[in-house]
Amino acid sequence: MRIHIAITADGQIRFLTTPELQGLTELGQTSTRRASHVVPHNWFLRLAFHILRACVADDSRCAAWTRRWRCQWLADLRISAGPVLGPFPIRQQAITAEIDWLTRHGF
């Protein structure tokens, strides 16, 4: 996986959180902001996804199960003033498209 890090003019470090960079959050005061949601394209599955994910922790077995659904996926970047990308046949493709868009647009 590619690593994306930017240092702003005032010395702040900005990066897309990945398992490889998780340790950076322990180096000082941090804030994390969600850039998008990767969700099923089908409206019924998307509704079920949101209901389930609102009821369980992100690291739960139920949340892991929802990430393995065999369906088409969207990368919804509207919370970052971006587009909705997709649909993609594999969730990882939606995540890759999300990272590419965020990288090109100054995440």
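Predicted, not measured: the structure shown is a model, and the values here were computed from it.
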Minimal non-hydrogen separation, [X] against [Y], with atom names:
X: Ile79; Y: Arg33; result: O-NH1, 4.0 Å
X: Ala94; Y: Val38; result: CB-CG1, 3.8 Å
X: Arg46; Y: Pro40; result: NH1-O, 3.0 Å
X: Leu85; Y: Ala97; result: CD1-O, 3.6 Å
X: Val39; Y: Phe49; result: CG1-CE2, 3.9 Å

Distance from [X] atom [atom1] to [Y] atom [atom2], nearest 0.5 Å?
X: Ile95; Y: Ile90; atom1: CD1; atom2: CD1; value: 11.5 Å
X: Gln92; Y: Ile99; atom1: CD; atom2: CD1; value: 7.0 Å
X: Arg91; Y: Thr96; atom1: CZ; atom2: OG1; value: 10.5 Å
X: Arg34; Y: Leu77; atom1: CZ; atom2: CG; value: 11.0 Å
X: Phe88; Y: Glu98; atom1: CZ; atom2: CD; value: 10.0 Å

Indicate yes or no: at least one non-hydrogen side-chain atom of [X] is less than 4.5 angstrom from one of [Y].
X: Asp58; Y: Arg53; result: yes
X: Pro87; Y: Leu74; result: yes
X: Cys71; Y: Leu45; result: yes
X: Leu52; Y: Trp65; result: yes

- prompt: What class does the angle between the rings of Trp101 and His105 fall in, given that below 30° is parallel, 30 to 60° is tilted and above 60° is perpendicular?
  reply: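 Aromatic pair Trp101/His105 classed parallel.
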
message: Quick check against the 3.5 Å criterion: does Ser80 have a side-chain atom that pairs as donor or acceptor with the backbone of Ala35?
response: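 Flag set: sc Ser80 to bb Ala35 pair under 3.5 Å.
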
